[in-house]
Amino acid sequence: MKPSIPRGTRDFGPAEMQKRQYIFNILKTNFQLFGYAPIETPSMENITTLTGKYGEEGDQLIFKILNSRIHESKDDKKEELKKEFNTSLEKSYNSELLTEKALRYDLTVPFARYVVMNNHALTYPFKRYQIQPVWRADKPQKGRYREFYQCDADVIGSNSLVNELELIAMIDKSFAELNIPVLLKFNNRKILSGIAEILNASDKIIDITVAIDKLDKIGKEGVVKELGEKGISESAIKQLEPLIDLSGSNADKVAVLNTFLSTSDIGKKGIEEINFLLNHLKTISTQHIKVELDITLARGLNYYTGTIFEAKANAGTFTPSILGGGRYDDLTGIFGLKGLSGVGISFGVDRIYDVMEELDLFPPSVNKVSTTKILLANFGEAELMHCVGLVSKLRAAGINAEVYPDVVKKIAKQFEYADKKQIPFVGVVGGNEMANNTIMLKNMASGTQEEVDFTKLVEALK
RNA sequence: GUAGGUAUAGCUCAGUUGGUUAGAGCACCAGAUUGUGGUUCUGGGGGUCGCCGGUUCGAACCCGGUUACUUACCCCA
């Protein structure tokens, strides 16, 4: 049988894992630096927890898990199962008789579920980070996987926009350390709601935002066409034009919005929130990323109600979204806990990896397959056991060390092993060295070697 | 779901208008070198040309189907 793995999933070898862990470590360190505490949730959730939170399109992308042992059902139940199965064949339909669990689609909804279930034990505002894989039943493409990691940081139980500011500061610091040039776009769903209200099309808000969101991709004409197809009236589209044409500085954009939204309460609230962030950006003094108000930014997820974020690499040709996030005023409400507002962001590690690979941003220290400092090579059984003793002394001294575990005819084999793993030093122990209580230490890069005692060996490797 | 592209050695790929025994580079194994890798030289192993069928004296090559992978659209980290 020819081995394979499901489409859109990947194996990660030691070389890739070095680089992935480098990213994870930077993010994790910063999460902790900003006061977030780690949690984990199960890979699978009850499917009812997930459905209806991600929009119509999102629901289709949820990975469903078939109930186990359905063949053991009683006969009358089987009739019902067949009916449910047939219905599933006809239309998009969820039957709990067939499927009661699903793989998590993101980390935010499971987090909201967690908060509601653990409300009694949490101190608010509750700040958590979570680094786990999520799954989407999508068709894989470049930069799009069916299993990928998200690194989320969320604050729940605080309405303050200071949380947004701090998130921006954390985004800045993280991308600075990863050395990725980044453009962080933000917007506010209240602006979008205000626009829909002014146009008398509040029920079409999703259609409008999705269409406007595509501006940089399909251009103004494309947006106008799509709006028409979605049933937006011509006069409304005409009204929208100044917004579609919106450009210039952040302040210029706000000025246009002020006029456009002057009669919408929710719109004005959105402008107020945007202004707060713009006015205080200097307080957190972002050093690295570029922050830009983009009123065409919509984001697909249904649960956002306030600020929304999206970041892309600001260099290279491959620039997928590598971070997303936003504020959700009542995500816990669906699970029975009202009045908790939260805001959070999600780093997409797999795409960050792809971008860093394209821009060649990994430092040389992580661009290798092994962290071993020295390999001890042996000439036979007695020497091997001598090495086993030596290597444990090296480890006690804090040096990453390994011993070649087999006795082989050719010592070259052991050097080859060290070379392939890019181990910088090889210690050779033969009869002479054993008698002298020394090690022949070879520097693999320069090719030079020197007979040293243990003290000198540790010094050379420190 | 819609539309393209690709499928030949472990990997990346050549393969002429259809012609006899299907190649290269890398990787692998052995030797040159019995206490030394990476460089060099020599030799070697490795193929159901994705699968099924058709056309033909003859198919890796042409035709039909099928599967897998891949890119774009929709949507998204």
Side-chain angles (χ1 to χ4, degrees), chain A residues 2-9 23 27 54-62 91-92 104-108 131-152 206-207 209-211 213-214 217-218 222 226 229-230 297-302 309-313 318-326 344-355 375-380 383 404 408-434 439-449 451:
Chain A
K2 201 174 172 186
S4 64
I5 55 175
R7 210 141 74 102
T9 66
I23 301 172
L27 295 179
Y54 307 111
E56 214 175 302
E57 199 89 28
D59 279 359
Q60 308 291 326
L61 298 180
I62 293 172
K91 56 174 187 181
S92 171
R104 73 166 100 76
Y105 177 92
D106 71 356
L107 301 178
T108 310
I131 300 179
Q132 290 191 276
V134 302
W135 293 269
R136 298 194 184 168
D138 218 341
K139 229 173 155 180
Q141 284 172 42
K142 188 175 169 67
R144 173 176 297 187
Y145 308 101
R146 299 215 291 185
E147 178 183 65
F148 59 97
Y149 270 75
Q150 290 193 332
C151 300
D152 277 37
I206 292 177
D207 288 335
T209 55
V210 166
D213 191 39
K214 290 182 203 163
K217 225 176 194 174
I218 60 177
E226 179 154 338
E229 282 165 7
K230 297 289 183 185
L297 177 66
R299 298 195 48 78
L301 298 177
N302 273 0
F309 295 113
E310 183 170 276
K312 291 182 177 189
F318 180 62
T319 57
S321 150
I322 52 178
L323 172 141
I345 52 168
S346 179
F347 290 85
V349 169
D350 302 77
R351 286 180 174 179
I352 289 175
Y353 180 102
D354 291 342
V355 165
L375 171 79
L376 293 187
N378 71 78
F379 277 101
E383 291 91 339
Y404 195 87
V408 290
K409 275 190 287 254
K410 299 187 109 183
I411 190 102
K413 183 101 183 155
Q414 304 182 45
F415 276 87
E416 219 175 280
Y417 175 86
D419 184 55
K420 281 188 179 150
K421 285 185 72 171
Q422 297 163 277
I423 297 172
F425 292 96
V426 173
V428 183
V429 180
N432 294 338
E433 287 84 0
M434 265 179 84
I439 298 101
M440 186 62 82
L441 178 65
K442 174 161 179 173
N443 181 322
M444 293 294 278
S446 66
T448 56
Q449 58 183 24
E451 192 172 344

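Order of the sequence lines sets the chain letters (A, B, ...), proteins ahead of strands, with each chain counted from 1. Just the heavy atoms: all of them, side chains too, but no hydrogens, waters or symmetry mates, feed the values below.
- Taking every side-chain heavy atom of A:E57 into account, B:C74 is the closest of B:U36, B:A3, B:C74.
- Distance A:F425 CZ to B:G38 P: 19 Å, rounded to the nearest Å.
- Here A:F415 does not lie in a stacked arrangement on the base of B:G38, lacking the combination of planes under 30° and ring centres under 5.5 Å apart.
- Judged by distance alone with a 3.5 Å cut-off, a donor-acceptor contact links the side chain of A:Q449 to the base of B:U36.
- Distance check on atom P: B:A14 versus B:C62 gives 14 Å, rounded to whole Å.
- Here the separation of B:G5 from B:A77, taken at their P atoms, is 31 Å to the nearest Å.
- A donor-acceptor contact under 3.5 Å is not formed by the side chain of A:R136 with the base of B:C75.
- Remark: A:K410 is not in phosphate contact with B:G37, judged by side-chain N or O atoms under 4.0 Å from OP1 or OP2.
- Nearest to the side chain of A:V428, among B:C28, B:U36, B:C76, sits B:U36.
- Atoms NZ (A:K142) and P (B:A72) sit 8 Å apart, rounded to a whole Å.
- Separation of the P atoms belonging to B:G10 and B:A3 is 35 Å when rounded to the nearest angstrom.
- In this structure, the CG atom of A:D59 is 14 Å from the C1' atom of B:C76, given to the nearest Å.
- Distance A:I62 CD1 to B:C76 C1': 14 Å, rounded to the nearest Å.
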Candidate pair A:F425 and A:I439, rule side chain to side chain contact (heavy atoms under 4.5 Å, CB included), full reasoning: CA-CA 12 Å; A:F425 292 96; A:I439 298 101; over 6 Å; no

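- If you take CZ of A:F379 and C1' of B:U36, they are 8 Å apart, rounded to a whole angstrom.
- To the nearest 0.5 Å, the span separating CZ on A:R351 from CG on A:L323 amounts to 11.5 Å.
- For B:G1, its base never sits under 3.5 Å from the side chain of A:Q60 at any donor and acceptor pair.
- Checking the phosphate oxygens (OP1, OP2) of B:A77, no side-chain nitrogen or oxygen of A:R144 falls inside 4.0 Å.
- At the heavy-atom level, A:G58 lies nowhere under 4.0 Å from the strands shown.
- A 6.0 Å sphere centred on CD of A:E56 holds no more than 12 heavy atoms belonging to other residues, nucleotides or ligands.
- Atom P of B:G53 sits at a distance of 16 Å from the matching atom of B:G58, rounded to the whole Å.
- Distance check: A:R104 CZ to A:R136 CZ gives 12.0 Å after rounding to the nearest 0.5 Å.
- Here the separation of B:G64 from B:U48, taken at their P atoms, is 27 Å to the nearest Å.
- For the residue pair A:Y417/A:K421, the side-chain donor-acceptor check at 3.5 Å is satisfied.
- A gap of 44 Å separates the C1' atoms of B:C51 and B:G37, to the nearest Å.
- Per the geometry, CE belonging to A:M444 stands 11 Å off P belonging to B:U39, to the nearest Å.
- Separating the C1' atom of B:U12 from that of B:A7 is a span of 14 Å, rounded to the nearest Å.
- Nucleotides B:A32 and B:U70 have their C1' atoms positioned 45 Å apart, rounded to a whole Å.
- The side chain of A:Q141 places no N or O atom within less than 4.0 Å of a non-bridging phosphate oxygen (OP1 or OP2) of B:U71.
- The A:K214 side chain lies nearest to B:C74 when the options are B:A77, B:G35, B:C74.
- Residue A:L323 is in sugar-phosphate contact alone, with no base atom involved, counting any heavy-atom pair closer than 4.0 Å across all strands shown.
- Atom-to-atom, NZ of A:K442 to C1' of B:G35 comes out at 10 Å; the value is rounded to the nearest Å.
- Proximity note for A:E416 (side chain, C-beta onward) versus B:U36, B:C29, B:A72: the nearest is B:C29.
- B:U33 atom C1' lies 16 Å from atom NZ of A:K409, rounded to whole Å.
- Of the candidates B:C75, B:G37, B:G35, B:C75 carries the atom nearest the A:L61 side chain, counting heavy atoms from C-beta on.
- Distances shown here put a side-chain N or O of A:K420 below 4.0 Å from the OP1 or OP2 atom of B:C28.
- Within 4.0 Å of A:E433, counting heavy atoms only, lies at least one base atom of the nucleic acid.
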